[in-house]
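This structure is a prediction, so every number in the text was calculated from the model and none was measured.
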Amino acid sequence: MTTAPAAPDPTMEAIGRAVTEGRAGDVTSARRKLLGLWSAIGVTGDPLHRCSLAHYLADLYEDPAQALAWDVRALDAADAVTEQRVQEHHAGLRIAGFYPSLHLNLADNYRRLGSFEAATEHINAATAHAPSLPQDPYGDLLRGAIQEVAEAIAGRDRTRRASAPGSVA
């Protein structure tokens, strides 16, 4: 999306800085910062903050069980986010666009844990929500990942995907 955020949000900015740090290779520091923010936000805090933070924090864990815990929190928080809140943060976002990625991540973690029935439920949900994805490189990336995870589930493959986000050492 190319439209600017509707209003500055210091918490979202702090999440963004930590994510950037993690993607640059300092996973430990990024994880520490996001966990600190999580403590400040709390489990009843702004659902957009909780969803975004948990979604990104999950990518900083190599262990699929640890990532799964954060991905479940992200999906739970997304269910509490209103369209108005998303629009307040960024006029070009829609909450429906969050669900393909959230379900994809859950499917991938369940698959890696060998829980193929749960993985199938979430990859089917990701597929059902995929029409909400933008027709752009990001949307193409997610549609490709959904297909890749679906094939891995069908093949009962538990190995980590090379294309998975958050390739951490």
Side-chain angles (χ1 to χ4, degrees), residues 1-3 12 15-16 18-31 34-35 38 47-81 83 86 89-90 92-169:
M1 303 288 168
T2 57
T3 54
M12 291 299 281
I15 292 168
V19 168
T20 299
E21 188 173 341
R23 288 179 178 165
D26 196 345
V27 173
T28 303
S29 177
R31 195 181 298 146
L34 289 174
L35 289 170
W38 181 263
L48 179 63
H49 293 161
R50 290 185 293 120
C51 178
S52 300
L53 188 150
H55 180 66
Y56 289 119
L57 187 56
D59 289 345
L60 298 177
Y61 288 96
E62 179 68 25
D63 177 358
Q66 289 179 300
L68 178 64
W70 288 104
D71 283 328
V72 168
R73 289 178 181 118
L75 181 62
D76 286 346
D79 288 342
V81 176
E83 194 67 45
V86 173
H89 172 65
H90 199 291
L93 292 178
R94 301 286 179 270
I95 190 63
F98 290 32
Y99 286 97
S101 179
L102 295 170
H103 283 289
L104 168 66
N105 290 353
L106 285 163
D108 202 28
N109 287 317
Y110 280 123
R111 174 193 66 80
R112 290 188 60 214
L113 292 167
S115 183
F116 295 107
E117 186 175 327
T120 299
E121 289 176 24
H122 283 284
I123 205 64
N124 289 343
T127 301
H129 288 286
S132 298
L133 290 170
Q135 295 298 321
D136 64 8
Y138 174 74
D140 294 342
L141 176 76
L142 283 180
R143 282 185 285 277
I146 290 169
Q147 181 62 39
E148 186 179 346
V149 170
E151 290 169 4
I153 292 168
R156 300 298 195 246
D157 181 355
R158 294 179 60 180
T159 59
R160 181 170 173 85
R161 296 179 302 118
S163 64
S167 297
V168 292

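With salt bridges taken as basic N to acidic carboxylate O contacts below 4.0 Å, one links D140 and R143.
Between the side chain of N124 and the backbone N or O of T120 there is at least one donor-acceptor pair closer than 3.5 Å. Remark: side-chain polar atoms of Y99 are paired, donor with acceptor, to backbone N or O of A78 under 3.5 angstrom. The main-chain N or O of L60 is found under 3.5 Å from a side-chain atom of R31 such that the two form a donor-acceptor pair. The backbone N or O of T159 sits less than 3.5 Å from a side-chain atom of R111, completing a donor-acceptor pair.
With values rounded to the nearest 0.5 angstrom, D108 atom CG is found 7.5 Å from I153 atom CD1. Rounded to the nearest 0.5 angstrom, E21 CD and D26 CG are separated by 4.5 Å. Here CD1 of I146 is found 5.5 Å from CG of L104. Values are rounded to the nearest 0.5 Å. One finds the CH2 atom of W70 at 13.0 Å from the CG atom of D59 (value rounded to the nearest 0.5 Å).
W38 is not listed as a side-chain neighbour of L57, based on a closest heavy-atom distance of 4.5 Å or more. Using a 4.5 Å heavy-atom threshold, the side chains of M12 and S52 count as touching. Looking at heavy atoms from C-beta onward, R50 lies out of side-chain contact with R73 at the 4.5 angstrom threshold. Between L102 and D71, the closest side-chain pair of non-hydrogen atoms is not below 4.5 Å. Contact check for F98 versus H129: no side-chain heavy atoms found under the 4.5 Å cut-off. A heavy-atom distance below 4.5 Å is not found between the side chains of L75 and N105.
When all heavy atoms are compared, the tightest approach of P100 to A126 is O-CB, 3.6 Å. Across every non-hydrogen atom of A77 and C51, the tightest pair is CB-N, 3.5 Å. Across all non-hydrogen atoms, the minimal contact from A54 to A74 is CB-N, 3.7 Å. The nearest pair of heavy atoms linking P64 to L113 is CG-CD2, 3.8 Å. The two residues R161 and V149 have their closest heavy-atom pair at NE-CG2, 3.4 Å. Pairing each heavy atom of E148 with each of S163, the nearest pair is OE1-OG, 2.8 Å.
Crowding of F116 atom CZ: a count of heavy atoms from other residues, nucleotides or ligands under 6.0 Å exceeding 12.
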